[in-house]
2 protein chains.
Amino acid sequence: ADRDAGRRTAVVCQACHGLDGLSKNPEAPNLAGQVESYLVKALRDYRSEARRNESMNIVAKDLSDADIENVAAYYASIPIEVVPP
Amino acid sequence: ADRDAGRRTAVVCQACHGLDGLSKNPEAPNLAGQVESYLVKALRDYRSEARRNESMNIVAKDLSDADIENVAAYYASIPIEVVPP
């Protein structure tokens, strides 16, 4: 996957998810460092409407398979560190 | 919400999501530091089967509203740091 292309695609995601992958809206999850295959599956399910969310079904409708793989790779690649409680 | 109770509830989640909220399986997302309201919605949707996932529909079936709020608060409270790319 092409992370740089993913970063360009992420322009449509950033309003809710941020380019840094930190949520900008209480309904939107953080995406930074998320599991790549999980992001690909979520986007495919939003595109096919197997998974329902008004905004995401609209946003995902126009994404190609490559867009999905690239944007998933981009967000998954944002390093996060967890401080275990 | 009661995070300690949430940590006890998380015993059923840890196999896939870890107690530290870092995914232990490629189908399972990281939960550490995730948006609390997003986690509550996801669990409710899995419980009502508005959102389909074999394992999660089973796990969520027995969760009470309090369990859901507590475990969401627990995972949301795990601090993460993002190193913006």
Could you name the residues of residues 35-57 of chain B that have a heavy atom within less than 4.5 Å of a heavy atom in chain A?
B/V35, B/S37, B/Y38, B/R51
Only counting residues at least two apart or in another chain, list the ones meeting side-chain hydrogen bond (donor to acceptor under 3.5 Å, both in side chains) with B/N70.
none
Should B/L22 and B/V12 be counted in the same cluster of Ile, Leu, Val, Met, Phe, Trp and Tyr side chains packed under 4.5 Å apart?
no
Can you name the residues that form a side-chain hydrogen bond (donor to acceptor under 3.5 Å, both in side chains) with B/N25, not counting sequence neighbours?
none
Looking only at atom types and distance, does a side-chain atom of A/D20 sit under 3.5 Å from a main-chain N or O of B/V82, one as donor and one as acceptor?
no
Run the side-chain hydrogen bond (donor to acceptor under 3.5 Å, both in side chains) test against B/E27 and tell me which residues pass, sequence neighbours left out.
none
Quick one, B/I80 and A/E81 - any side-chain contact, counting heavy atoms below 4.5 Å?
no
